Amino acid sequence: MENKFSGSNSGMEQQKEVKIANQRGGTCEPILRILALVLTLTASIVLRVSKQTEIVTMKVIPTLPPIDIPATAKWHYLSAFVYLVVADVIACTYAAFSLVLLFANRGKKNRLGLVVIVLDLTMVALLFSAIGSTGAIGLMGYQGNTHVQWNKVCNVFGKFCHQVVASAALSLLGSLAFFFLIVLAVLGLSRTSK
């Protein structure tokens, strides 16, 4: 009778994989984690301080002259921007926590390295989804949508829109840092399987 678990790793091979997962990246890993921390922290700050007030001319009734009304754009007026700030804060907090764990468990054999890889992957997915939603709303603000009569707002709130773009770009760079951490882990695991 053939053993149905013949393809699984033995205990010694699993310990070797865990050891490699914990030692992945060498000096690259701390640098990438610090980079991810700084980028996501900066992205959340840039978006949280974005606010712009402009005088907008509106015509309320066609027979009356237009009136000037002050209008303000803030990051928390749109749920996509709130989502990006929350995602950046979560990723920043995780990056700080994983950096502490990295230095605390340097050279130790435990399964924590595999958990960190899964959490790195989760941060990439979280940040990519937040950047995508922010990009969709940002594009709507930049181009408008004539089919549903949504006007462009970036021509009025240019500074605000630039800050949103800067925040999204910083978040993208932070997510790429987490992505490269995953690539380092996969390369480390592939070396052990040879």
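Owing to the predicted nature of the structure, the values given are computational and were not obtained by experimental measurement.
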How many angstroms lie between [atom1] in [X] and [atom2] in [Y], if you round to the nearest 0.5 Å?
{"X": "Gln143", "Y": "Asn151", "atom1": "CD", "atom2": "CG", "answer": "13.5 Å"}
{"X": "Leu170", "Y": "Ser44", "atom1": "CG", "atom2": "OG", "answer": "9.5 Å"}
{"X": "Leu32", "Y": "Phe179", "atom1": "CG", "atom2": "CZ", "answer": "12.0 Å"}

Practice task
Scan side-chain atoms only and decide if Thr57 and Asp68 contain a donor-acceptor pair under the 3.5 Å cut-off.
Solution key: yes
Problem - Residue pair Ser129 / Tyr83, side-chain donor-acceptor N/O under 3.5 Å - result: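 Checked: Ser129/Tyr83 side chains pair up, N/O donor to acceptor below 3.5 Å.
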Quick check: do [X] and [Y] have side-chain heavy atoms less than 4.5 Å from each other?
{"X": "Leu35", "Y": "Val38", "answer": "no"}
{"X": "Trp75", "Y": "Arg48", "answer": "yes"}
{"X": "Ser133", "Y": "Leu84", "answer": "no"}
{"X": "His76", "Y": "Val85", "answer": "no"}
{"X": "Val116", "Y": "Arg33", "answer": "yes"}

State, to 0.1 Å, how close [X] and [Y] come at their nearest heavy-atom pair, and which atoms those are.
{"X": "Ile131", "Y": "Ser175", "result": "CD1-OG, 4.0 Å"}
{"X": "Asn145", "Y": "His147", "result": "OD1-N, 3.0 Å"}
{"X": "Phe157", "Y": "Ala71", "result": "CE2-O, 3.4 Å"}
{"X": "Leu127", "Y": "Gly174", "result": "CD1-C, 4.3 Å"}

Practice task
Check step by step if side-chain contact (heavy atoms from CB on, under 4.5 Å) holds for Val124 and Asp120.
Solution key: CA-CA 6 Å; Val124 170; Asp120 286 345; 5.8 Å; no
Exercise for the section: Ignoring hydrogens and angles, tell me if any N or O in the side chain of Ser167 forms a donor-acceptor pair with the backbone of Gln163 under 3.5 Å. Expected result: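 Side chain of Ser167 to backbone of Gln163, a donor-acceptor pair under 3.5 Å: no, none is there.
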Problem - Short side-chain to backbone donor-acceptor contact, Gln52 and Ala73, under 3.5 Å - result: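 A pair under 3.5 Å: no.
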Problem - From CA spacing to verdict: side-chain contact (heavy atoms from CB on, under 4.5 Å), Leu184, Cys28 - result: CA-CA 9 Å; Leu184 284 175; Cys28 259; 3.8 Å; yes
Problem - side-chain contact (heavy atoms from CB on, under 4.5 Å) between Trp150 and Met140, intermediate numbers included - result: CA-CA 8 Å; Trp150 290 345; Met140 190 68 65; 3.5 Å; yes
Exercise for the section: Flag yes if Phe103 and Leu37 sit in one hydrophobic cluster, no otherwise; membership is Ile, Leu, Val, Met, Phe, Trp, Tyr, and two members link when side-chain heavy atoms are under 4.5 Å apart. Expected result: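 The answer is yes; both residues are in one hydrophobic cluster.
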Problem - Same cluster (ILVMFWY, side-chain, under 4.5 Å), Leu47 and Ile90 - result: yes
Practice task
Evaluate side-chain contact (heavy atoms from CB on, under 4.5 Å) for Val49 paired with Lys51, printing each intermediate quantity in order.
Solution key: CA-CA 6 Å; Val49 299; Lys51 176 184 172 184; over 6 Å; no
